[in-house]
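Just below is one structure, and these are the notes that go with it.
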Amino acid sequence: MASINAFEIAKQQIDKCAEILQLDPGVTAMLKSPMRELHVSIPVRMDDGSIRVFQGFRVQHNDARGITKGGIRFHPDETIDTVRALAAWMVWKCALADLPLGGAKGGVVCNPKEMSAGELERLSRAYVRNVFQLIGPDRDVPAPDVYTTPQIMAWMMDEYSMIAQKPQFGVITGKPLSIGGSPGRGDATARGGIYCIREAAKVLGIDMSKATVAVQGYGNAGYHAARLCRELLGSKVVAVCDSKGGAICEAGIDAEVAYGCKASNGTVCGMPGTDRISGDELLELDVDVLIPAAVEGAITAKNAGAVKARIVAELANGPTTPEADDILFQKGVHVIPDFLCNAGGVTVSYFEMVQNFNLYPWSEAEVRERLDKKMTSAYHSVLNTSRERGINMRQAAYVIAVERVVEVMKLRGWV
Ligand code: GLU
């Protein structure tokens with residue numbers, strides 16, 4: 001993650017799109033520049049009495065289409081440039097899903113795996129105090145991302161409400177159900193990706209009930225993807241991995257057993273009946289569907305040539321570098337690009353905002369049905385654009401999203 005500069009990649013992707021759309025250089029420069037960013041130093045009292053200062057960021061990339069939206073990531077390798085890239089990708093994600101939202105992202109350089117619940121709570125609350133001026137239900141609405149949880153969202157919502165001196169449930173999404181969370185938000189990112197895989201399989205003529213799947217990363221997105229591949233598509237997950245390594249089993253891996261193993265041992269490695277495999281080996285397995293669900297930079301010029309999957313469904317943000325994109329496209333691999341494949345999370349976050357604004361919760365069935373419609377329609381518009389223009393799926397997704405953002409920028413008189 002550290003060796004690849006995600007923001008450079010995000011900017012290269014815009015340049016490529018600008019070339020396809022023949023955008024004005026000034027407009028392209030605007031699309032590549034974050035509108036606003038805040039860098040904060042967050043002192044936190046640790047359990048041993050010492051004070052540690054954490055670096056935190058909130059970046060709002062573009063709010064032409066509305067209130068900015070995007071998660072907060074707690075990660076030891078976080079940098080301002082990863083947050084900038086992720087904020088830009090949120091803009092294209094929201095536009096592609098046709099949500100009336102702009103894009104933002106937050107991050108704190110920390111390792112939650114080495115922090116107690118108390119330390120995490122104090123860090124979460126302190127982060128909100130530090131970025132209070134930038135966020136708000138009618139301004140910028142954060143959400144969970146890598147290593148941040150519904151409980152963290154609850155603390156952050158509470159801290160914001162305490163400062164605002166009124167309940168402000170709509171300041172953040174991905175909250176627990178009992179305090180304004182949306183039914184279906186927990187597995188929304190994975191579920192949205194599974195709907196895309198279902199559509200792609202129909203188009204490519206793959207029978208998903210006979211298909212094999214490998215999942216890289218076993219956090220919220222990876223675990224639910226493994227579970228839903230079996231539940232919704234009847235497919236067999238043959239390999240899973242996390243940051244410590246992976247497990248493979250031809251007969252199939254039970255998502256719940258892998259979840260239990262990770263919960264008790266901190267890793268999916270070593271499940272009974274499985275063989276050990278590295279994360280790198282997993283990416284090159286001969287499977288029908290590969291789901292990168294970890295962090296940026298998994299598929300690069302180095303290993304893209306060895307990817308054997310027919311479908312690469314990017315649940316992670318930025319798992320494939322531009323060089324790898326070209327290699328996969330030439331090989332005929334069907335890539336479902338990140339800001340299409342993982343748009344289910346922010347889509348249900350948007351549903352959560354709507355429910356919070358209206359003080360009227362929806363049923364889980366309603367959430368799922370609306371999510372399916374959004375994802376299916378987004379998938380097919382990307383596929384059609386890709387075929388019409390003879391460009392890859394990522395470029396097609398960019399073309400649709402960027403055209404939508406630029407149209408609004410024009411209507412608002414910005415360009
Ligand atoms: N962190 C998720 C993403 O990257 C969700 C963002 C949100 O719900 O606002 O899409």
Side-chain angles (χ1 to χ4, degrees), residues 6-7 9-24 27-35 59-71 84-105 143 189 192-193 195-196 199-200 296 313-320 322 325 329 335-347 349-350 371 373-412 414-415:
F7 191 46
I9 290 177
K11 287 190 287 188
Q12 274 178 39
Q13 290 167 341
I14 297 293
D15 280 332
K16 180 75 206 167
C17 176
E19 198 185 304
I20 296 169
L21 289 174
Q22 306 209 313
L23 289 183
D24 170 87
V27 174
T28 309
M30 284 174 82
L31 297 176
K32 282 159 63 177
S33 316
M35 298 183 77
V59 176
Q60 297 172 346
H61 189 79
N62 183 300
D63 65 0
R65 288 175 52 92
I67 299 165
T68 49
K69 189 81 193 80
R84 285 175 178 145
L86 291 159
W89 289 329
M90 285 309 302
V91 177
W92 321 128
K93 193 181 304 191
C94 293
L96 182 64
D98 212 5
L99 309 176
L101 299 170
K105 204 81 177 195
T189 306
Y195 292 150
C196 289
E199 294 307 302
E296 310 87 84
E314 298 181 340
L315 274 188
N317 287 308
T320 308
D325 255 341
F329 188 52
V335 175
I336 309 175
D338 52 2
F339 67 84
L340 165 62
C341 194
N342 68 29
V346 73
T347 299
S349 273
Y350 164 67
L371 174 65
K373 271 197 193 135
K374 277 263 178 224
M375 298 303 300
T376 302
S377 135
Y379 174 82
H380 287 285
S381 19
V382 172
L383 181 73
N384 292 342
T385 302
S386 140
R387 287 180 167 175
E388 277 160 27
R389 290 183 176 255
I391 52 181
N392 71 33
M393 291 283 284
R394 187 176 329 275
Q395 287 158 357
Y398 262 104
V399 162
I400 297 169
V402 167
E403 272 187 331
R404 286 183 182 158
V405 173
V406 171
E407 186 193 341
V408 175
M409 284 165 61
K410 281 191 183 141
L411 286 168
R412 293 183 64 168
W414 293 3
V415 294

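- Under the 3.5 Å distance criterion, the side-chain polar atoms of R84 are left unmatched by any main-chain donor or acceptor of F7.
- Atom CD1 of residue I391 and atom CD1 of residue I20 lie 4.5 Å apart, to the nearest 0.5 angstrom.
- Distance alone, capped at 3.5 Å, places no donor-acceptor pair between the H61 side chain and the A85 backbone.
- Here the side chain of K374 pairs a donor or acceptor atom with the backbone of A97 at under 3.5 angstrom.
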**Request:** Apply side chain to side chain contact (heavy atoms under 4.5 Å, CB included) to the pair R65 and C94, showing each step before the final yes or no.
**Result:** CA-CA 9 Å; R65 288 175 52 92; C94 293; 5.8 Å; no
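- Interatomic distance, OG1 of T68 versus NZ of K105, reported as 12.0 Å (0.5 Å rounding).
- L99 contributes atom CG, which lies 10.5 Å from atom NZ of K93 (distance to the nearest 0.5 angstrom).
- E19 meets the salt bridge (charged side-chain N to carboxylate O under 4.0 Å, His left out) test with K16; sequence neighbours excluded.
- Side-chain atoms of N342 never come within 3.5 Å of backbone atoms of T189 as a donor-acceptor pair (strictly under, hydrogens ignored).
- Here the CG-CE distance, from L101 to M90, works out to 8.0 Å after rounding to the nearest 0.5 Å.
- The aromatic rings of F339 and Y398 sit perpendicular to each other, their planes meeting at more than 60°, with 30° as the lower class boundary.
- Smallest separation of non-hydrogen atoms from M35 and W414: CE-CH2, 4.1 Å.
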